[in-house]
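Working notes, beginning with the structure itself.
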Amino acid sequence: QVQLLESGGGLVQAGGSLRLSCAASGSIVSINAMGWYRQAPEKQRELVAVIRNGGSTNYADSVKGRFTISRDNVKSTVYLQMNSLKPDDTAVYYCYLDSGGPSIAVRYWGQGTQVTVSS
């Protein structure tokens, strides 16, 4: 019964910035990690960024130095700050939440938000 609500997508010119938000609600027992995937029409689904329960982060090589993932534990919200955007960043971005442990792990998904970068 966990729901993830995404917001912040839109159209931006190359070199611009956007900030995506993903707010979790419902019966959250524990959070192992939250992160972002993206899917473009002719590309493989790509893991963009992850933030784990201890606060450590990882990024795809394609976004390192440009994107930053962060969280607000009080609001159960994860953010993706995207700077220096490129046309290749155009995709639908999906947030996710990993809950539980090795024996009961569950992944919840947001509805997706479109990011379009014009050249």
Side-chain angles (χ1 to χ4, degrees):
Q1 297 181 347
V2 174
Q3 294 181 338
L4 302 179
L5 300 179
E6 299 184 35
S7 62
L11 175 64
V12 65
Q13 293 182 346
S17 298
L18 287 172
R19 190 179 78 155
L20 306 183
S21 299
C22 177
S25 62
S27 300
I28 304 174
V29 177
S30 63
I31 300 176
N32 294 335
M34 296 185 72
W36 297 87
Y37 278 87
R38 66 185 181 185
Q39 179 69 64
E42 298 181 355
K43 298 180 180 179
Q44 183 179 351
R45 185 184 67 174
E46 180 181 32
L47 178 60
V48 177
V50 179
I51 184 165
R52 290 178 285 276
N53 57 5
S56 62
T57 59
N58 290 98
Y59 298 92
D61 289 340
S62 57
V63 306
K64 281 186 176 180
R66 300 187 298 118
F67 290 11
T68 302
I69 188 171
S70 61
R71 67 181 182 183
D72 184 332
N73 289 333
V74 176
K75 298 180 179 180
S76 298
T77 299
V78 64
Y79 305 94
L80 186 67
Q81 179 66 48
M82 305 184 294
N83 298 326
S84 302
L85 283 163
K86 305 175 181 179
D88 284 346
D89 295 319
T90 296
V92 178
Y93 285 71
Y94 298 90
C95 70
Y96 72 89
L97 182 156
D98 285 343
S99 179
S103 63
I104 57 171
V106 177
R107 175 166 288 183
Y108 300 93
W109 291 94
Q111 80 279 10
T113 184
Q114 176 70 48
V115 172
T116 302
V117 184
S118 62
S119 60

[X] versus [Y]: any side-chain heavy-atom pair under 4.5 Å?
X	Y	result
Arg66	Asp89	yes
Ser118	Pro87	no
Asp98	Val50	no

(request) Give, for atom SG of Cys95 and atom CD of Gln111, the distance between the pair rounded to the nearest 0.5 Å. (result)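 If I round to the nearest 0.5 Å, the distance is 7.0 Å.
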(request) Rounded to the nearest 0.5 Å, what's the gap from SG on Cys22 to CG on Leu97? Could you check? (result) 7.5 Å
Under a single-linkage definition using a 4.5 Å side-chain heavy-atom cutoff for Ile, Leu, Val, Met, Phe, Trp and Tyr, are [X] and [Y] assigned to the same hydrophobic cluster?
X	Y	result
Ile31	Leu20	yes
Tyr93	Leu18	yes
Leu4	Val92	no
Val115	Met34	yes
Trp36	Val106	yes

Search all heavy atoms of [X] against all heavy atoms of [Y] and return the closest pair with its distance.
X	Y	answer
Gln44	Gln39	C-NE2, 4.1 Å
Val117	Thr90	N-OG1, 2.9 Å
Ser99	Tyr108	CB-CE1, 4.0 Å
Leu47	Ala60	O-CB, 3.3 Å

(request) Take Val12 and Met82 through the test side chain to side chain contact (heavy atoms under 4.5 Å, CB included) and record every step on the way to the result. (result) CA-CA 11 Å; Val12 65; Met82 305 184 294; over 6 Å; no
(request) For Tyr79 and Asp72, run side chain to side chain contact (heavy atoms under 4.5 Å, CB included): C-alpha distance rounded to whole Å, both residues' side-chain angles, the deciding distance at 0.1 Å, then the answer. (result) CA-CA 8 Å; Tyr79 305 94; Asp72 184 332; 4.1 Å; yes
Can a donor-acceptor pair be found, under 3.5 Å and without considering hydrogens, that links the side chain of [X] to the backbone of [Y]?
X	Y	answer
Arg71	Arg52	yes
Lys43	Arg38	no
Gln3	Ser25	no
Thr113	Ser7	no

(request) Taking the six-membered ring for Trp and the single ring otherwise, decide whether the centroids of Phe67 and Tyr59 are under 6.0 Å apart. (result)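 Not under 6.0 Å, so no.
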(request) Return yes when atom CD of Gln114 has more than 12 non-hydrogen atoms of other residues, nucleotides or ligands closer than 6.0 Å, and no otherwise. (result) yes
(message) Check this for me: does any side-chain nitrogen of one of Lys64 and Asp61 sit under 4.0 Å from a carboxylate oxygen of the other?
(response) yes
